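Please read the structure below before turning to the comments.
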Protein chains: 2
Amino acid sequence: MCYKSFMQQGTRLPTLEDVARVAGVSRATVSRVINGIRNVDPHLHEVVWDAVGRTGYVPNRMARSLVTRRTGTVALVVSDSESHDDDPFMSRFFADPYFGRVVGGLMSVLRQAGVQLALQIVGTDEGRKRLVGDLRNGQADGVIVLSLPAVDALPRMLTDGGVPAVMIGRPTEPVPINYVDLANETGATLAAEHLLARGCQRIGMISGPADVPASHDRISGFRRAMARHGHGWVPIAAGNFTQDSGEAAMRTLLTESPDLDGLFVANDLMAVGALLTLREAGRRVPDDVAIVGFDDSSAATAAAPALTTVRHPLEDMAAEAARLLLARIEDPEMRASSVIYEPTLVLRQSA
Amino acid sequence: MCYKSFMQQGTRLPTLEDVARVAGVSRATVSRVINGIRNVDPHLHEVVWDAVGRTGYVPNRMARSLVTRRTGTVALVVSDSESHDDDPFMSRFFADPYFGRVVGGLMSVLRQAGVQLALQIVGTDEGRKRLVGDLRNGQADGVIVLSLPAVDALPRMLTDGGVPAVMIGRPTEPVPINYVDLANETGATLAAEHLLARGCQRIGMISGPADVPASHDRISGFRRAMARHGHGWVPIAAGNFTQDSGEAAMRTLLTESPDLDGLFVANDLMAVGALLTLREAGRRVPDDVAIVGFDDSSAATAAAPALTTVRHPLEDMAAEAARLLLARIEDPEMRASSVIYEPTLVLRQSA
DNA sequence: TAACACTCGGAAAGCGCTCTCCAAAGGCGC
DNA sequence: GCGCCTTTGGAGAGCGCTTTCCGAGTGTTA
């Protein structure tokens with residue numbers, strides 16, 4: 001029963017039992033040593049670790065989870081609406097810097113905690129129900145929720161089921177769930193006031209879908225700020241956060257309000273689209289029309305001219321979400337709390 | 001024992017045992033019905049499903065995995081080198097469209113197969129060893145490997161351990177492992193010939209790190225193609241696939257060869273950086289210098305001018321990797337195979 | 001009607017681990 | 001030297017599920 005043999009693929013892997021036999025103690029003792037529980041005679045301690053090394057033993061997580069009810073896994077669930085159940089949309093979603101930034105932020109925290117991230121997509125209510133069932137069964141210790149649809153039953157189902165969960169972005173309807181969010185209204189205000197301060201007179205906006213919270217807040221924040229400065233009405237065209245939709249929205253905005261000289265776009269990707277349309281239309285940025293984007297994603301610096309944009313500290317937010325979740329998993333009594341981040345304006349060339 | 005009670009968080013979840021009791025049969029029968037095994041009396045079949053519905057039963061995956069040795073999970077492991085063990089690099093990696101495209105491609109296949117994806121990062125040899133141990137223990141049914149370092153022991157460890165694995169991008173050293181890859185040399189050739197056909201006389205290249213296979217192949221392919229057309233020597237500056245490094249590389253290239261009129265960049269992100277530097281230097285693209293990028297990522301269409309680029313069908317490749325892995329998991333006897341994709345040139349404004 | 005081949009459901013043995021109980025051993029004061 | 005408390009290791013009962021092995025019941029044929 002040597003180390004080498006355990007590295008070969010055919011061989012049965014060593015179990016606690018095997019280690020116990022090699023060390024000449026009982027299973028229980030090996031388990032205690034490995035989990036560092038109670039005082040075990042230092043001598044035995046050493047003997048056991050030696051046996052572990054010799055056998056090449058690796059604890060079986062499945063078996064351990066079965067009894068401890070802990071998996072060392074956190075799920076990142078992307079809750080999508082049924083209408084988007086087809087691939088193309090999801091592909092676009094994953095390719096969006098948004099997704100990567102969230103994953104990066106989460107991993108920075110989870111990795112150090114030795115927790116792995118499992119990706120889950122649910123697109124139907126059936127799927128949501130199954131997911132919550134699996135989660136309650138201990139499939140994962142907790143879940144980070146990225147909710148895309150305007151109305152989503154998932155947050156409620158999760159809290160009802162007692163599943164530790166943290167949302168990125170607030171839920172549409174009030175639900176006693178942990179979440180981290182950005183002060184979207186403030187961000188929109190920042191953009192509006194910058195455009196105004198710059199001397200723009202006819203300012204428009206390209207928004208996201210009006211029914212998702214983040215998007216809604218950016219619209220209302222922008223409207224409110226503009227109104228405060230005497231602009232009771234502003235032209236708004238809606239997109240869906242993709243570059244293509246930004247191009248299209250810019251076209252409609254341009255035909256509706258040809259004299260535009262300032263523009264706030266609800267995310268950088270759409271702003272890049274707008275930039276393209278504008279260039280096509282022969283408008284110079286920022287001279288003819290000044291643009292402020294939103295997110296400060298990689299698209300902002302890649303754009304020409306580089307985008308002045310509202311910084312959305314997604315990585316930090318995701319990291320905080322992970323910390324919140326870990327804390328909640330540790331302490332089930334923890335009450336729902338939320339953390340709101342303040343956006344800042346990043347000045348570049350576009351405005 | 002009603003449905004509602006099982007949805008409350010305090011309550012113990014129903015087990016097979018509970019369902020059996022409600023249905024008035026044995027655990028074994030319920031298990032058979034649920035897994036659709038053997039002929040069970042249609043009547044009982046119905047009774048059991050009814051009991052499942054009434055109790056709100058969800059099978060416990062952990063317990064099931066423990067005995068079936070199947071988890072319904074595939075791991076996406078990002079194998080990084082120790083030197084990059086700090087967060088910043090990883091964050092950048094996740095934000096890169098590359099990562100998102102791979103995840104999107106994988107999920108499109110895995111999702112339909114009802115398999116979940118677990119994200120794992122390993123940065124040390126210690127970590128790699130633990131990972132392989134966990135994997136052999138059935139932590140996941142198989143693994144998709146994204147290997148970043150120039151020399152990486154992981155592929156070998158995986159095959160030695162008998163862990164079903166598929167790499168995205170060929171391994172540095174020959175290892176009997178499944179992989180999907182792009183004909184990088186061909187891609188570079190496509191770029192070189194397009195630049196040449198366009199009439200460029202002094203063509204340079206911005207490459208990635210010379211020691212990683214994909215990058216290496218793009219360099220050698222480019223060099224070879226240029227040599228075939230009488231350009232025995234081409235100026236090359238290396239970056240590391242980030243936009244910043246592209247800007248820097250462009251600057252050095254510009255000082256070394258100020259008369260450049262054509263440029264091949266090993267990925268779009270760096271091409272965008274090059275574009276920025278070029279603009280700063282007052283060179284027009286494509287009039288003064290024509291640029292061909294690589295990847296056809298979202299950065300290519302976002303750039304101004306939009307990038308002519310070599311299309312890297314990453315989503316398709318990742319999807320194929322997932323299919324290959326699933327097949328390998330189904331059939332352990334399957335021998336290592338690889339699929340090489342042919343790149344194509346996408347014409348836009350930059351060249 | 002008896003013998004046989006089938007079909008179908010149940011009992012029970014694990015999968016690999018944790019952890020509660022319990023017994024044995026050692027240390028202490030009186 | 002004896003009883004009592006503390007430390008330490010082992011036995012064993014599960015965690016929730018699958019699956020083999022059997023026995024009972026049913027239908028079929030000689």
Side-chain angles (χ1 to χ4, degrees), chain A residues 6 11-49 51-52 55-73 133-141, chain B residues 6 11-49 51-52 55-73 133-141:
Chain A
F6 284 120
T11 325
R12 199 180 107 278
L13 275 96
T15 69
L16 252 201
E17 186 81 49
D18 297 315
V19 178
R21 202 176 319 118
V22 170
V25 297
S26 79
R27 275 207 325 280
T29 305
V30 179
S31 178
R32 279 190 209 105
V33 170
I34 286 177
N35 296 306
I37 291 181
R38 281 238 300 247
N39 296 355
V40 174
D41 183 325
H43 173 63
L44 266 192
H45 192 273
E46 194 179 317
V47 169
V48 169
W49 275 118
V52 167
T55 54
Y57 172 73
V58 179
N60 182 316
R61 283 183 110 164
M62 230 70 62
R64 178 179 286 183
S65 295
L66 188 57
V67 29
T68 59
R69 264 84 226 303
R70 276 299 195 79
T71 60
T73 297
D134 279 349
L135 254 16
R136 297 191 62 202
N137 253 329
Q139 160 112 248
D141 298 336
Chain B
F6 284 120
T11 325
R12 201 180 105 279
L13 276 99
T15 70
L16 252 200
E17 185 81 49
D18 296 316
V19 178
R21 202 175 321 117
V22 169
V25 297
S26 79
R27 276 209 320 283
T29 305
V30 178
S31 177
R32 279 193 209 103
V33 170
I34 286 177
N35 296 305
I37 291 180
R38 280 235 305 245
N39 296 355
V40 174
D41 184 322
H43 174 62
L44 267 193
H45 192 273
E46 193 180 318
V47 169
V48 168
W49 275 117
V52 167
T55 54
Y57 172 72
V58 179
N60 182 316
R61 283 184 109 161
M62 231 70 61
R64 178 179 286 182
S65 295
L66 188 56
V67 30
T68 59
R69 262 88 226 302
R70 277 298 196 79
T71 59
T73 297
D134 280 349
L135 254 15
R136 297 190 62 204
N137 252 329
Q139 160 111 250
D141 298 336

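On a predicted model such as this, the values are computed, not experimentally measured, just so you know.
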Between [options], which nucleotide gets closest to the side-chain atoms of [X]?
X: A:R27; options: D:dG12, D:dA11, D:dC15; value: D:dG12
X: A:T68; options: C:dC19, D:dT18, C:dG10; value: C:dC19
X: A:N60; options: C:dG16, C:dG9, D:dT18; value: C:dG16
X: A:P59; options: C:dC15, D:dC17, C:dC17; value: C:dC17
X: A:A28; options: D:dA11, C:dA11, D:dC15; value: D:dA11

Distance in angstrom units between [X] [atom1] and [N] [atom2], rounded:
X: A:N137; N: D:dC15; atom1: CG; atom2: C1'; result: 12 Å
X: A:R21; N: D:dG9; atom1: CZ; atom2: P; result: 20 Å
X: B:L16; N: C:dA12; atom1: CG; atom2: P; result: 17 Å
X: B:L66; N: D:dT19; atom1: CG; atom2: P; result: 12 Å
X: A:L44; N: D:dT7; atom1: CG; atom2: C1'; result: 13 Å
X: A:R64; N: C:dC15; atom1: CZ; atom2: P; result: 19 Å
X: A:H43; N: D:dG9; atom1: NE2; atom2: P; result: 10 Å
X: A:R32; N: D:dT7; atom1: CZ; atom2: P; result: 14 Å

| field | Validation row: A:V33, A:L44 side chains within 4.5 angstrom (heavy atoms) | value | no
| query | Taking side chain as C-beta onward, heavy atoms only, is B:Y57 less than 4.5 Å from B:I34? | reply | yes
Within the pair [X] and [N], is there a side-chain N or O less than 4.0 Å away from OP1 or OP2?
X: B:T29; N: C:dG9; answer: no
X: B:T15; N: D:dG16; answer: no
X: A:S31; N: C:dT18; answer: yes
X: B:R69; N: C:dG16; answer: yes
X: A:N35; N: C:dT18; answer: yes

| Which atom of B:T71 lies closest to which atom of B:A140, heavy atoms considered |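 The answer is OG1-CA, 3.5 Å.
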| task | On DNA chain C, check which nucleotide each of B:V67 and B:D41 is closest to and give me the residue with the more 5' one. | result |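 Looking at the nearest nucleotide for each, B:D41 comes out on the 5' side.
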| query | Who pairs with B:E17 by side-chain contact (heavy atoms from CB on, under 4.5 Å), at least two apart in sequence or on another chain? | reply |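 side-chain contact (heavy atoms from CB on, under 4.5 Å) list for B:E17, sorted by chain: B:T15, B:R21, B:R27.
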| query | Taking only residues two or more places apart in sequence or in another chain, which ones pass side-chain hydrogen bond (donor to acceptor under 3.5 Å, both in side chains) with A:S26? | reply | A:T29
| said: Can you give me the bend angle of the helix from C:dT1-D:dA30 to C:dC30-D:dG1? Use the axis through the first five pairs and the one through the last five, nearest 10 degrees. | reply: 50°
| query | Which value, rounded to the nearest 0.5 Å, describes the distance between B:R64 atom CZ and B:L16 atom CG? | reply |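 Those atoms lie 8.5 Å apart.
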| request: Evaluate the criterion side-chain contact (heavy atoms from CB on, under 4.5 Å) for residue pair A:L13 and B:N137; output intermediate values, then yes/no. | output: CA-CA 7 Å; A:L13 275 96; B:N137 252 329; 3.9 Å; yes
| request: Could you point out which residue of A:V25, A:N35, A:V47 forms a side-chain contact (heavy atoms from CB on, under 4.5 Å) with A:V30? | output: A:V25
